[in-house]
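Notes to accompany the following structure.
By convention in this document, chain letters (A, B, ...) are assigned in the order of the sequence lines, proteins followed by strands, and residues within each chain are numbered from 1.
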There are 2 protein chains.
Amino acid sequence: MERRNTPTKQAVLELLVKSGKAMSREAIEKEITQNINRATIYRVLNRFCEDDVLHRIVAEDGKQYFAVCVNCYDKVLSGHHFHFRCVKCDTIECLPIAVEFSISNSYQVDNVNCVLSGTCKDCSV
Amino acid sequence: MERRNTPTKQAVLELLVKSGKAMSREAIEKEITQNINRATIYRVLNRFCEDDVLHRIVAEDGKQYFAVCVNCYDKVLSGHHFHFRCVKCDTIECLPIAVEFSISNSYQVDNVNCVLSGTCKDCSV
DNA sequence: TAATTATTGCGAATAAATCGCATTTACATG
DNA sequence: CATGTAAATGCGATTTATTCGCAATAATTA
Ligand SMILES: [Mn+2]
Ligand SMILES: [Mn+2]
Ligand SMILES: [Zn+2]
Ligand SMILES: [Zn+2]
C-alpha cells in the first residue's frame, strides 16, 4: 500500500497548512477550489492521519476535525495538547498548552482528545 | 416548563447511578429492563443535562455518553475531570483527575471535554 | 374530577462518515 | 515512450447517531 502523490492530496494539505487551524470535511470542501468528492476527502484525511501528517480531533459537536502536525517551533504541539473550538466562528485551533495528567499504569492510554469550547478571542468582542 | 416525575426518568437515572459509569443511549437501552423509546431516552438524558443531574461526554467515537454528576465524596468530580474510554469493553469512566490548564482570558471557555482512551485496567490482562 | 401541559411513542428526517464497485490515474519498469 | 499494477477517485447507497413533528398519554394542580 504505497502512497501516491495526487493533486487532491496536495490541495487538501496545502489548505490545512495555510489555514493553520483544524478543519472539518465540510469546511475543507467549502474552502477548497478543486471539486473533490466527499468520500475522497475523508479518505485523504484518514490516510494523512495514518501517516501522522495530520491529527484528528473530535469535538463536542461529535464531528471530526483535522490539523497538520507541527513539531518544529513549538514543542508542545508535537505532543498531546488542548484544542479550542469556537462555537461562533466554528473553527478549532491547536492550543500550545500541553495536556498533563498522571494515571495508574494499569490503564493503557492510546489516545488523548481534549477540547475546550466557547468563544475565541476574535469573536469575543 | 416544570419537570414531572415519571417511571422512565427514574429508571434511567437509577441505572446510571447503579452503573457508576458513563453510558451511551445504546448501552442504556440494552441494560434497562423497561421498554423505552429511543427518542425518549435521548430527551430524558438531555433534560437531565440541562438540570445538571447528568453531564455529557463526547468520546472520540463521536458518540455521546452520560454520567451522573457526583460531587460528594470526591471533590474533583464536581469540576472538570478526565474521562477514560476503554475500546475493549466500550465503557467510559469518570477519572478522579482534574483537568488543569491556563489560557488567556481573551478566550471564554464554556465547556471542557477531555477523554483518554485505550485499554482499561479490567481489560488489560 | 377536569383542565393544563409535560412527557412519550412512532416514524420520518438530518447529518456525519463509511462502503462497494467501476473507473481513472500515478508510477515503476521494460 | 508504451504498458501493467495497484493506489486513488467518483458516485451512489448504506450505516449510525441524534433530532424532529405530531398525535396520544399521563403527571400535576386546582
Ligand atoms: Mn492539535
Ligand atoms: Mn465525568
Ligand atoms: Zn471564533
Ligand atoms: Zn475495559
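- Without hydrogens or angle criteria, B/Lys9 side chain to B/Arg4 main chain gives a donor-acceptor distance under 3.5 Å.
- The nearest whole Å value for the distance from the CD atom in A/Glu2 to the P atom in C/dA28 is 8 Å.
- Atom CD in B/Gln10 sits about 13 Å away from atom P in C/dT7, given to the nearest Å.
- Here D/dT18 presents its C1' atom at 14 Å from CD1 of B/Ile28, a figure rounded to the nearest Å.
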Would B/Phe48 and B/Leu13 satisfy side chain to side chain contact (heavy atoms under 4.5 Å, CB included), going step by step from the backbone distance to the final call? CA-CA 9 Å; B/Phe48 275 143; B/Leu13 190 55; 4.1 Å; yes
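- B/Thr8 has a side-chain polar atom (N or O) that falls below the 4.0 Å cut-off from OP1 or OP2 of C/dT8.
- The side chain of A/Pro7 lies closest to C/dA26, out of C/dA26, D/dA8, C/dC19.
- Within 4.0 Å of A/Thr6, counting heavy atoms only, lie sugar-phosphate atoms of the nucleic acid but no base atom.
- Rounded to whole angstrom, the span from the CD1 atom of B/Ile36 across to the P atom of D/dA26 amounts to 14 Å.
- Checked for salt-bridge contact, A/Glu50 and A/Arg56 miss the test: no charged N lies under 4.0 Å from a carboxylate O.
- Looking only at side-chain heavy atoms (C-beta outward), B/Glu29 and B/Met23 stay at 4.5 Å or farther from each other.
- Judged by atom type and distance alone, B/Arg25 does not reach the base of D/dA17 through any side-chain donor-acceptor pair under 3.5 Å.
- For D/dG12, neither phosphate oxygen OP1 nor OP2 lies less than 4.0 angstrom from any side-chain nitrogen or oxygen of A/Asn37.
- Comparing A/Asn35 and B/Asn46 by the nucleotide of DNA chain D that holds the closest heavy atom to each, the one mapping nearer the 5' end is A/Asn35.
- At whole-Å resolution of the value, CG in A/Leu45 and P in C/dA16 are 14 Å apart.
- Atom CD of A/Gln34 is separated from atom P of D/dA8 by 17 Å (rounded to the nearest Å).
- Rounded to an integer number of Å, the gap from B/Arg3 CZ to C/dT4 C1' is 17 Å.
- Checking the phosphate oxygens (OP1, OP2) of D/dA8, no side-chain nitrogen or oxygen of A/Asn5 falls inside 4.0 Å.
- If you check residues 59-67 of chain B against DNA chain D, the residues with a heavy atom closer than 4.0 Å are B/Lys63, B/Gln64, listed by number.
- Nearest heavy atom pair, residue B/Phe66 against residue B/Leu16, reads O-CD2, 3.3 Å.
- Using a 4.0 Å heavy-atom cutoff across all strands shown, A/Arg38 reaches no nucleic acid atom at all.
- OP1 or OP2 of D/dT9 lies within a sub-4.0 Å distance of a side-chain N or O belonging to A/Arg47.
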Taking it one step at a time, do A/Tyr65 and A/Arg25 satisfy side chain to side chain contact (heavy atoms under 4.5 Å, CB included)? CA-CA 7 Å; A/Tyr65 292 77; A/Arg25 186 274 313 164; over 6 Å; no
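- Per the geometry, CZ belonging to A/Arg43 stands 14 Å off P belonging to D/dA7, to the nearest Å.
- Using a 4.0 Å cut-off between charged side-chain N and carboxylate O, A/Asp61 and A/Arg85 make a salt bridge.
- Comparing atom distances between the A/Lys9 side chain and each of C/dT8, C/dT18, D/dA8 picks out D/dA8 as nearest.
- In summary, of the residues considered (B/Asn46, B/Thr40, B/Ile41), a side-chain contact (heavy atoms from CB on, under 4.5 Å) with B/Val44 occurs for B/Thr40 alone.
- The side chain of A/Tyr42 contributes no N or O atom lying less than 4.0 Å from OP1 or OP2 of C/dT18.
- Contacts of B/Ser24 with the nucleic acid, taken as non-hydrogen atoms under 4.0 Å apart, are absent.
- Between C/dA6, C/dC10, C/dT8, one nucleotide has an atom nearer to the side chain of B/Arg4 than all others, and that is C/dA6.
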